[in-house]
Structures are given as structure tokens and as C-alpha cells.
Amino acid sequence: MTEGTTSAEGADTLTRLEQEGDIAADYLEGLLDIADLDGDIDMDVEGDRASVSIISDVSTRDLQKLVGRDGEVLEALQELTRLAVHRETGDRSRLMLDIAGYRARKRADLTELAAEAAAEVKSSGEPKQLKPMTPFERKVVHDAVKAAGMRSESEGEEPQRFVVVLPN
């Protein structure tokens with residue numbers, strides 16, 4: 001494959017992800033209107049997926065309704081948004097949705113948890129099992145454990161699937 005082909009494929013992927021973001025933003029703006037909630041839509045491309053955030057300059061208390069307990073409503077809205085994108089494009093979407101910074105805060109907390117678990121496993125030589133997590137949470141933990149130079153794997157069945165940090 002030539003460099004030109006790779007560059008063209010990269011541009012096509014970026015265009016596709018931006019299109020996903022636009023479709024998702026339109027869908028979410030309609031949802032905010034229906035729910036009579038204030039929020040701005042921020043779109044980006046992070047790695048190999050579109051990323052859409054709903055943010056607000058005023059109190060995020062109203063947006064917390066869209067996050068729900070432990071992010072349950074956020075997860076459901078993300079799936080609905082992915083379905084809206086799929087309906088328009090015909091392609092499966094891996095779009096990530098964040099509302100009021102919930103996922104960003106969760107990512108930071110999980111990265112810290114994973115680093116602590118990796119350090120504990122490194123010093124003890126014993127595997128450490130973490131609490132059950134969503135697929136998003138497990139991905140963040142796996143990435144952080146790998147960055148710490150350790151190994152991890154997921155075990156169990158949804159919704160009780162969890163990460164085990166393993167010694168090298």
C-alpha cells in the first residue's frame with residue numbers, strides 16, 4: 001500500500017467519523033429540545049471513534065438526569081444515539097457519548113484505580129480482581145494497566161463482568 005492510499009483512507013475514516021458526530025449531534029439536539037434541557041454539543045474524533053459531549057455553562061444538575069445513577073441513562077442514550085447513526089449510515093457506530101463530563105471524571109478515577117491495582121499486583125505477585133464494570137470502564141482499566149506495564153483480562157458474564165490484574 002502506498003502512502004497516498006493510506007492518507008486517503010485516513011481522510012475517508014475521518015470524514016466518516018465526523019459524519020457520525022454530526023448525525024449524533026442532530027439526534028441529541030432533538031432529544032434536548034424534547035426534554036427541554038439546556039446543553040451544548042461538542043464533537044471530536046478520538047482515536048478511531050467519534051466522540052460527542054453534551055456540556056452546559058449553567059448548572060449541570062439538569063444534565064445529571066441524562067447521566068442517571070452510575071451512568072445507566074448515559075449508557076442507554078449512547079446506544080440510542082449509535083442506533084440513530086446506524087439508521088442514517090447503515091454502518092455500526094462505536095461513538096462515545098459524554099454528558100456533563102461524567103465519562104471524563106470516570107476515566108480519571110478508573111485510571112487511578114488501575115494504577116493502584118497494578119502497583120499492588122507488582123509488589124505482591126498476586127492477581128487482583130476488581131469490581132464488576134461496564135465495557136467502557138473495563139476498557140479504561142485495561143489500557144491503564146497496560147500503560148503501567150502489567151497484564152489484565154476480563155472475566156465473568158455481563159453485567160457482572162470484571163477485570164483481573166495479573167502479575168507479569
Side-chain angles (χ1 to χ4, degrees), residues 17-89 91-121 128-148 150 152-165:
L17 293 175
E18 288 172 342
Q19 178 189 20
E20 282 186 19
D22 288 338
I23 294 166
D26 289 344
Y27 176 78
L28 291 165
E29 284 174 359
L31 177 78
L32 289 172
D33 286 345
I34 290 168
D36 195 29
L37 295 173
D38 290 326
D40 296 319
I41 308 292
D42 184 33
M43 296 179 297
D44 199 4
V45 173
E46 295 177 4
D48 60 346
R49 63 176 63 190
S51 174
V52 178
S53 300
I54 300 175
I55 54 177
S56 179
D57 292 336
V58 293
S59 169
T60 58
R61 175 177 245 158
D62 285 344
L63 290 182
Q64 290 302 322
K65 296 173 187 172
L66 298 179
V67 173
R69 185 173 50 93
D70 296 327
E72 290 173 342
V73 176
L74 171 59
E75 290 289 335
L77 288 173
Q78 177 175 275
E79 286 308 309
L80 289 171
T81 305
R82 286 176 174 177
L83 286 171
V85 170
H86 176 71
R87 185 185 68 224
E88 293 290 321
T89 66
D91 295 326
R92 183 178 175 272
S93 173
R94 295 182 57 235
L95 174 130
M96 287 297 291
L97 175 63
D98 192 5
I99 299 174
Y102 176 82
R103 281 202 200 273
R105 288 187 304 277
K106 191 76 167 171
R107 180 178 280 123
D109 292 345
L110 289 168
T111 299
E112 184 177 325
L113 171 74
E116 290 170 1
E120 184 180 325
V121 170
K128 179 168 177 73
Q129 177 179 317
L130 304 177
K131 66 178 179 54
M133 299 178 185
T134 66
F136 161 76
E137 294 168 336
R138 290 193 310 270
K139 171 79 167 102
V140 171
V141 170
H142 286 304
D143 290 348
V145 167
K146 184 177 180 180
M150 301 294 290
S152 62
E153 58 187 40
S154 292
E155 294 182 5
E157 299 293 323
E158 295 293 351
Q160 296 299 314
R161 199 152 167 81
F162 57 91
V163 173
V164 178
V165 181

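Reckoned from all heavy atoms, side chains included, excluding hydrogens, waters and symmetry mates.
- No donor-acceptor pair closer than 3.5 Å links the side chain of Arg107 to the backbone N or O of Phe136.
- Nearest heavy atom pair, residue Pro159 against residue Pro132, reads O-CB, 3.9 Å.
- Counting non-hydrogen atoms of neighbouring residues, nucleotides and ligands closer than 6.0 angstrom, the CG atom of Asp33 exceeds 12 such neighbours.
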Given Glu155 and Phe162, is the side-chain contact (heavy atoms from CB on, under 4.5 Å) satisfied, shown in steps?
CA-CA 6 Å; Glu155 294 182 5; Phe162 57 91; 3.8 Å; yes

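- Glu157 CD: 12 or fewer foreign heavy atoms inside a 6.0 Å radius.
- Here the shortest heavy-atom pairing between Met150 and Ala118 reads CG-CB, 3.7 Å.
- In this structure, the separation between OG on Ser56 and CG on Asp40 is 7.0 Å, given to the nearest 0.5 Å.
- For Asp26, the CG atom is densely surrounded, since the number of other residues' heavy atoms within 6.0 Å is greater than 12.
- Two residues are said to be in side-chain contact when any heavy atoms from C-beta on lie closer than 4.5 Å; Val67 and Gln64 meet this criterion.
- Distance check, rounded to the nearest 0.5 Å: CZ of Arg92 to CG of Leu83 gives 10.5 Å.
- Note that the CD atom of Glu18 and the CG atom of Asp44 stand 9.5 Å from one another [nearest 0.5 Å].
- When every heavy atom of Ile54 is checked against every heavy atom of Gly39, the shortest pair comes out as CG2-CA, 4.3 Å.
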Could you please spell out the steps behind the side-chain contact (heavy atoms from CB on, under 4.5 Å) verdict for Leu113 and Leu110?
CA-CA 5 Å; Leu113 171 74; Leu110 289 168; 4.2 Å; yes

Test Asp109 against Arg105 for salt bridge (Lys or Arg N to Asp or Glu O under 4.0 Å), laying out the working first.
CA-CA 6 Å; Asp109 292 345; Arg105 288 187 304 277; over 6 Å; no

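- Of all heavy-atom pairs spanning Ile99 and Leu63, the tightest one is CG2-O, 3.6 Å.
- Counting heavy atoms from C-beta outward, Lys65 and Val73 have side chains that stay 4.5 Å or more apart.
- Here the side chain of Thr89 pairs a donor or acceptor atom with the backbone of Asp91 at under 3.5 angstrom.
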Please assess Tyr27 against Val85 for the test side-chain contact (heavy atoms from CB on, under 4.5 Å), listing each intermediate value before the final yes or no.
CA-CA 9 Å; Tyr27 176 78; Val85 170; over 6 Å; no

What verdict does the side-chain contact (heavy atoms from CB on, under 4.5 Å) test give for Leu32 and Leu66, after you've listed the backbone C-alpha separation in whole Å, the side-chain angles of each residue and the deciding distance to 0.1 Å?
CA-CA 10 Å; Leu32 289 172; Leu66 298 179; 3.7 Å; yes

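- Of all the heavy atoms in Val52 and Ala24, the pair that sits closest is CG2-CB, 3.9 Å.
- Between the CE atom of Met43 and the CG atom of Leu28 there is a distance of 10.5 Å, given to the nearest 0.5 Å.
- Side-chain contact, Ser93 with His86: no donor N or O sits under 3.5 Å from an acceptor N or O.
- Between Leu17 and Asp48 the shortest heavy-atom distance is CD1-C, 3.8 Å.
- In this structure, CG in Leu95 is found 10.5 Å from CD in Glu46, a value given to the nearest 0.5 Å.
- Within the model, atoms OG1 of Thr81 and CE of Met96 stand 12.0 Å from one another, a figure rounded to the nearest 0.5 Å.
- The only member of Arg138, Glu137, Met133 that meets side chain to side chain contact (heavy atoms under 4.5 Å, CB included) when paired with Arg161 is Arg138.
- Checking side-chain atoms of Asp98 against main-chain N and O of Arg103 turns up a donor-acceptor pair under 3.5 Å.
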